[in-house]
Amino acid sequence: MSLRTIWNDFIDLAFPRCCEACDKSLIGNEEVICTGCRISLPRITADGIYKDIMQFKFVNAPEVFSTSSFLLFTKKGKVQKLLHALKYKGNEEVGTLLGFMFGQEMAAAGHLPDADLIISVPLHKKKKQLRGYNQSDLLAAGFSKATGIPWTGTTLERIRHTATQTGKTKAERRENVKGVFLVKESISAKNIIIMDDVLTTGATLEECAETLKAAGCRKFYIMTIALAHH
């Protein structure tokens, strides 16, 4: 046994690292999420029961070519715990890891879209300053690392701070985000993955697509780490 292994075992004993999904101690080379949770997290398959539900959210946006989510979000479930750690506990590693896992599994299944660029959904600068980072940037970076598709977090800007979408109907959400995005850099890519954390009604993502379409992009693939379905 190497001195490094002995030292790491000592550190784990003195300062135990815990899985962000189940709170059990991480062991050996496990990072952020334990092996058991990585295997058992509730996946959404490309041809499963949620496929039509996801695509129907963008029925009025023909430029949205496909919609994919990685995991199913349920209240008090492991996916909610992971996203809470990402958004409110400052654990940036959760974001890059989930994005990487999503990209790996999409590539392995042969379901990667024919996209030129990944664009993350931006936060308003005040909210990003408060949090210290944009969780969608981390997801996009992880997905990009796994797939080789380049990403940017600077092309699209949120120019107006909006009230929370929680508790609003789709029509109210759509009105709430109308005109909040701006394309701040010239963009030559035409086929775009728009990456976000959770898909609910799709109003924010649809507004992103419409803003990018006005800038010359033509086809969009909506991709989120989780689908909130009640």
Side-chain angles (χ1 to χ4, degrees), residues 44 46 50-70 95 99 102-103 106-107 111-128 134-144 146-165 168-229:
I44 296 174
Y50 295 103
K51 178 181 178 182
D52 291 339
I53 292 171
M54 290 188 293
Q55 197 61 32
F56 185 73
K57 293 177 184 291
F58 300 96
V59 67
N60 294 318
E63 63 273 14
V64 174
F65 191 74
S66 70
T67 310
S68 304
S69 290
F70 182 34
F102 190 16
M106 288 285 286
H111 292 148
L112 279 180
D114 182 23
D116 309 312
L117 183 67
I118 305 166
I119 292 180
S120 50
V121 174
L123 290 177
H124 187 268
K125 60 182 179 181
K126 288 184 179 179
K127 193 167 186 178
K128 184 177 180 181
N134 175 8
Q135 71 275 5
S136 295
D137 285 350
L138 301 171
L139 299 169
F143 194 93
S144 175
T147 63
I149 303 170
W151 79 278
T152 175
T154 58
T155 297
L156 200 60
E157 181 181 10
R158 188 183 292 251
I159 57 175
R160 177 165 55 84
H161 183 67
T162 55
T164 178
Q165 298 279 65
K168 290 181 168 59
T169 65
K170 179 163 185 178
E172 290 170 336
R173 287 173 180 242
R174 196 72 187 83
E175 187 62 29
N176 191 43
V177 297
K178 190 173 182 180
V180 304
F181 297 112
L182 173 72
V183 176
K184 57 183 292 189
E185 299 174 348
S186 61
I187 181 168
S188 59
K190 300 301 181 184
N191 302 334
I192 308 294
I193 291 174
I194 303 178
M195 180 74 69
D196 205 6
D197 51 1
V198 182
L199 173 59
T200 48
T201 64
T204 300
L205 289 154
E206 189 174 330
E207 183 66 21
C208 286
E210 288 190 7
T211 304
L212 290 164
K213 181 182 177 183
C217 303
R218 64 186 182 195
K219 186 183 289 186
F220 302 95
Y221 305 93
I222 301 298
M223 307 195 76
T224 67
I225 289 300
L227 168 67
H229 181 60

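These values consider heavy atoms only, across backbone and side chains, with no hydrogens, waters or symmetry-generated copies.
- Panel note: side chain Asp116, backbone Lys190; a donor-acceptor pair is recorded below 3.5 Å.
- Of the possible polar contacts, none joining the Arg158 side chain to the Val121 backbone as a donor-acceptor pair under 3.5 Å is found.
- Here the closest non-hydrogen pair linking Ser120 and Ala140 is CB-CB, 4.1 Å.
- For the pair Phe181 and Leu212, the minimum side-chain heavy-atom distance is 4.5 Å or more.
- Although no hydrogens or angles enter the test, the distance criterion places a donor-acceptor pair under 3.5 Å between the side chain of Ser144 and the main chain of Ile149.
- Listed here is the closest heavy atom pair of Ile159 and Gly179: CD1-O, 3.8 Å.
- Looking at heavy atoms from C-beta onward, His161 lies out of side-chain contact with Lys126 at the 4.5 angstrom threshold.
- Summarising the local packing, CZ of Arg218 is surrounded by 12 or fewer heavy atoms from other residues, nucleotides or ligands at distances under 6.0 Å.
- For the pair Thr154 and Glu185, the tightest heavy-atom approach, listed with the atom from each and the gap, is OG1-OE2, 3.1 Å.
- For the residue pair Asp196 and Thr224, no side-chain donor N or O sits within less than 3.5 Å of a side-chain acceptor on the partner.
- Considering only heavy atoms from C-beta on, Leu199 comes within 4.5 Å of Met54 through its side chain.
- Side-chain atoms of Pro113 and Lys219, non-hydrogen and from C-beta on, never get closer than 4.5 Å to each other.
- You'll find the side chain of Asp137 reaches within 4.5 Å of the side chain of Lys128, heavy atoms only.
- Taking all atoms of both residues into account, the shortest heavy-atom contact from Met195 to Ser136 is O-CB, 3.8 Å.
- Closest non-hydrogen pair, Gln135 versus Asp197, comes out as NE2-OD2, 3.1 Å.
- Between Phe102 and Phe70, the ring planes lie parallel to each other; the angle is under 30°, not in the 30° to 60° tilted range.
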Next item on the list: Test side chain to side chain contact (heavy atoms under 4.5 Å, CB included) on Ile187 and Ile119 and set out the steps.
Entry: CA-CA 11 Å; Ile187 181 168; Ile119 292 180; 3.7 Å; yes

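- Leu227 pairs in a side-chain contact (heavy atoms from CB on, under 4.5 Å) with only one of the listed residues (Thr67, Ile44, Val198), which is Ile44.
- Using a 4.5 Å heavy-atom threshold, the side chains of Cys208 and Leu156 count as touching.
- In plain terms, the two heavy atoms of Ile192 and Cys217 that are nearest each other are CG1-SG, 3.8 Å.
- The side-chain contact (heavy atoms from CB on, under 4.5 Å) test with Ile193 singles out one residue from Phe220, Tyr221, Trp151, and that residue is Tyr221.
- Considering only heavy atoms from C-beta on, Ser68 comes within 4.5 Å of Met106 through its side chain.
- Atom CG of Leu117 and atom CG of Asn191 lie 10.5 Å apart (nearest 0.5 Å).
- Under the 4.5 Å side-chain criterion, counting only non-hydrogen atoms from C-beta, Leu182 is not in contact with Thr211.
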